[in-house]
Every structure is written in structure tokens, then in C-alpha cells.
Amino acid sequence: FQDPSVTEVTHSGVDRFEQYSPFPATDSGAFTGPTIPASAAPSQPAVLQPSVEPSPQATAVAAQANLLRQQEELERKAAELDRREQELQSRQVTTGKENNWPPLPKSFPIKPCFYQDFSEEIPPEHQRICKMMYYLWMLYCVTLFLNVLACLAFFTAGTDYGMDFGFSILWFILFTPCSFLCWYRPVYKAFRTDSSFSFFFFFFIFFAQVVVTIIQSVGIPKWGNSGWISAISVVGSHLAVSVVMMVVAVFFTVCAVMSVVLLKMVHSHYRRTGASFQKAQQEFSQGVLTNRTFQSAAASAAASAAQGATQRN
């Protein structure tokens, strides 16, 4: 081991590991990169803010503001409805649209009461069902008239059947205009204006109409209907009268069947229009609130109540 390099290492008192540096011997001022100073502000711990519930006074004020906003919206809608009604009336005056139903001669002293035009007022997808309802009403009126003739023949067969003849005249006078006003015009208006309230009114009245037509087709004696029971009861004694009454019973049966079918068809159309019971309630409330008669009556009632309260004090 007389190698000079080995001897130098073993006999030197300096530790070579202490002299070793992994970094190059460069000037410390040579580093010119940017430095990021430490934040001087001390960090604060996260604090959970307590929830603040509104006071009863604030809740009352918010509720009052909501009521005022709803009242303003209702007044705005009422003004919009009045404007549309005035536009519609002015349009009818300018276009010369006059009532055309019932179709009476111009020389007749009574003038038409309604305006009816399927192609102009009813949407194309609802015209067919609306016309079918109109044809059903005409068929029902014809049936009521034939019922009067059949009950007259029934009365000639026996004086005991005079009550049926009297009731048949009453039903013809009563049901002919009432059926037009109570279920045909509401369904016509429902298809014309897409009114949920008119649809519900029609369903309520027309269901009763279906029940009445079924009872008339059955023909309970002494009820003024030439139905099956009344027609069969005189088969043995008066065959001709029975045949006439059976024809009317067939008409009543056709009316009942068509009423059930058309009721289902109208209901299917109603479901496709997007109408609902909530819309019907809104239309009814808006109609009542915007009615001038109701407004004047409510104002007079409030004034009389306030006057009475001041007099008591």
C-alpha cells in the first residue's frame, strides 16, 4: 500500500466527506428569481355565522307585500280582459258580425239571439265533435216532438193516459231550450275559448242529460215518456199505438247511446286541451272578481257595513 494517493488519503487529518459539497461553488447573489414573501396577516379560524330568523313584523310585512302584488296582478288581468272584450266588441261592430241563430226570416219580429259559425270560431281539430253535439241536440228535439205525438196516440187509446200527454208537452217546452242553453252552448264555448270552467259546467249538466234520456227511453208510465215499458204495455190492446211508441222508444235509445259516446269523446278532447280543475277555479274567481255587478254589490255592502260600525261607535 505504498501508492502515493492511498498514502495521502490515509495519513491526512482532513475528513474528505466534510469538504464535499453537492452544490456548485457559485455566488449566492447569482440567484435572481422572484421571491414570494410570506403573508404578514395572521390567518383567522373559520367562524359559523348564526342563522337569523325573520321577526313576526317582517313576516307580516312580506305577506302584506305579497297580497298587494297579487291584487295588482289581478287588477292587471282584469284590465286586460276588459280591453280584449272591448276589442272583440269593436271588431264585431266593424266587421258587421250579427247573430245568426236561430235562422229566422228577416221579416220575423223575433231576431236571432246567438252567433254560431263552426268554421270561424271553432278550431279545426274540434269542429267535428262540436258539430256532432249540435246534431245530437237537433235529434233530441225531434225526439221530444215525436214523443208528444206518441203520447197523444197513447191518450187516444185510453183516457187514463192523459197525464202522459200533458207531461210530454211540458218536456218538449222545457227541455228544448234548456238543453241548448245548458249543455250545447257551454260545450260550444268551451271549444271556442278553451275554457276549463265551461268544460266542467258541460260535464255536470250533460251527465244529468244522459240520465234523463235513459229514463225517457225506459218509459216509466205516468211520466210522459213513450219508452219501452209504456209501448209494451199496450201491445195486446192497441198494436198501432204500441208500434208508434216503440219508434219513439228507439229514438230515445239512440239519443242515450249517442250521448254516452259523445260524452267520452268530449272528455278525450278535454284532456288534450290541457284544461284542469285548477284552471276552472281561476276562471271562475276572475270572472266573479271582474264582474261589475259583483264589484258594485261588494262595494255597497262594505260601505253599509262601515257606516253601521261608525253609527254604533
Side-chain angles (χ1 to χ4, degrees), residues 70 73-74 76-85 87-88 91-92 97 99-101 113-144 174-218 251-291 294:
Q70 291 180 357
E73 185 177 356
L74 287 176
R76 181 178 58 81
K77 290 182 178 179
E80 181 68 17
L81 289 175
D82 291 339
R83 184 183 64 80
R84 290 183 179 180
E85 184 178 358
E87 289 182 355
L88 182 60
R91 191 181 307 167
Q92 289 180 356
K97 184 185 296 185
N99 295 334
N100 58 359
W101 200 96
C113 303
F114 304 96
Y115 181 81
Q116 178 173 289
D117 191 343
F118 296 103
S119 59
E120 180 181 352
E121 294 188 322
I122 307 300
E125 62 272 16
H126 302 316
Q127 289 182 7
R128 180 173 176 269
I129 182 66
C130 196
K131 289 181 180 179
M132 292 178 68
M133 294 298 300
Y134 181 62
Y135 298 150
L136 175 63
W137 174 78
M138 290 194 297
L139 176 63
Y140 184 65
C141 294
V142 171
T143 305
L144 290 175
L174 180 65
F175 287 155
T176 299
C178 289
S179 58
F180 182 85
L181 296 175
C182 295
W183 58 262
Y184 171 68
R185 288 300 296 183
V187 74
Y188 184 88
K189 181 181 178 182
F191 284 129
R192 183 187 62 189
T193 60
D194 194 15
S195 172
S196 300
F197 178 75
S198 297
F199 271 116
F200 274 92
F201 186 80
F202 162 76
F203 288 138
F204 178 76
I205 299 297
F206 196 70
F207 180 78
Q209 171 69 31
V210 171
V211 175
V212 170
T213 309
I214 292 175
I215 293 175
Q216 288 175 330
S217 63
V218 171
F251 272 80
F252 274 127
T253 305
V254 171
C255 288
V257 174
M258 288 185 62
S259 298
V260 175
V261 173
L262 289 177
L263 180 62
K264 295 182 65 176
M265 293 177 65
V266 172
H267 185 263
S268 64
H269 280 255
Y270 154 77
R271 296 185 64 180
R272 289 198 296 268
T273 57
S276 62
F277 184 69
Q278 289 76 12
K279 290 184 179 180
Q281 288 179 326
Q282 293 178 359
E283 291 176 3
F284 178 75
S285 60
Q286 290 178 2
V288 171
L289 292 177
T290 57
N291 193 331
F294 175 79

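Residue indices begin at 1 and follow the sequence shown. Here the structure is a predicted model, which means the values were calculated and not measured. Hydrogens, waters and symmetry mates are skipped; everything else that's a heavy atom, side chains included, is used.
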Can you list everything that forms a side-chain hydrogen bond (donor to acceptor under 3.5 Å, both in side chains) with Ser268? Sequence neighbours excluded, please.
none

Considering residues at least two apart in sequence or located in another chain, which fulfil the salt bridge (charged side-chain N to carboxylate O under 4.0 Å, His left out) criterion with Arg83?
Glu80, Glu87

Show your reasoning for whether side-chain contact (heavy atoms from CB on, under 4.5 Å) applies to Trp183 and Val210.
CA-CA 11 Å; Trp183 58 262; Val210 171; over 6 Å; no

Any residue meeting side-chain contact (heavy atoms from CB on, under 4.5 Å) with Tyr115, in chain and number order, not counting sequence neighbours
Lys97, Asn99, Asn100, Asp117, Glu120, Glu121

Can you list, pair by pair, the side-chain donor-acceptor contacts under 3.5 Å of residues 129-139, counting residues two or more places apart and other chains?
{"from": "Tyr134", "atom 1": "OH", "to": "Trp101", "atom 2": "NE1", "distance (Å)": "3.0"}
{"from": "Trp137", "atom 1": "NE1", "to": "Thr176", "atom 2": "O", "distance (Å)": "3.3"}
{"from": "Trp137", "atom 1": "NE1", "to": "Ser179", "atom 2": "OG", "distance (Å)": "2.9"}

Those residues at least two apart in sequence (or on a different chain) that pass side-chain contact (heavy atoms from CB on, under 4.5 Å) with Val211 are Phe207, Ile215

Yes or no on side-chain contact (heavy atoms from CB on, under 4.5 Å) for His267 and Arg271, after CA distance, side-chain angles and deciding distance?
CA-CA 6 Å; His267 185 263; Arg271 296 185 64 180; 3.4 Å; yes

Partner residues of Phe202 under the ring pair (Phe, Tyr, Trp, His ring centres under 6.0 Å) criterion, sequence neighbours left out
Phe206

Residues at least two apart in sequence or cross-chain that pass salt bridge (charged side-chain N to carboxylate O under 4.0 Å, His left out) with Glu125, listed by chain then number, are none

Do Gln116 and Arg192 pass the side-chain contact (heavy atoms from CB on, under 4.5 Å) test, and can you show the C-alpha distance, the side-chain angles, and the key distance before you say yes or no?
CA-CA 10 Å; Gln116 178 173 289; Arg192 183 187 62 189; over 6 Å; no

Partner set under ring pair (Phe, Tyr, Trp, His ring centres under 6.0 Å) for Tyr188, not counting sequence neighbours:
Phe118

Parallel under 30°, tilted from 30 to 60°, perpendicular over 60°: which one fits the rings of Phe175 and Tyr140?
tilted

Identify, with sequence neighbours excluded, every residue that meets side-chain hydrogen bond (donor to acceptor under 3.5 Å, both in side chains) alongside Thr143.
none

Output for pair (Cys182 SG, Phe201 CZ), nearest 0.5 Å, gives 5.5 Å

Check residues 251-259 and write down every donor-acceptor pair under 3.5 Å in which the side-chain atom is one partner and the other belongs to a residue at least two apart or another chain.
{"from": "Thr253", "atom 1": "OG1", "to": "Trp228", "atom 2": "NE1", "distance (Å)": "3.0"}
{"from": "Thr253", "atom 1": "OG1", "to": "Ala249", "atom 2": "O", "distance (Å)": "2.8"}
{"from": "Ser259", "atom 1": "OG", "to": "Cys255", "atom 2": "O", "distance (Å)": "2.6"}

Quick check for you: to the nearest 0.5 Å, what is the distance between Ile214 atom CD1 and Gln209 atom CD?
10.5 Å

Among residues at least two apart in sequence or on other chains, which ones pass side-chain hydrogen bond (donor to acceptor under 3.5 Å, both in side chains) with Glu73?
none

Rounded to the nearest 0.5 Å, how far apart are SG of Cys113 and CZ of Phe180?
9.0 Å

Between CG of Leu144 and CG of Leu174, what distance do you get to the nearest 0.5 Å?
9.5 Å

Roughly how far, to the nearest 0.5 Å, is OG of Ser198 from OH of Tyr270?
12.0 Å

Do His269 and Arg128 pass the side-chain contact (heavy atoms from CB on, under 4.5 Å) test, and can you show the C-alpha distance, the side-chain angles, and the key distance before you say yes or no?
CA-CA 11 Å; His269 280 255; Arg128 180 173 176 269; over 6 Å; no

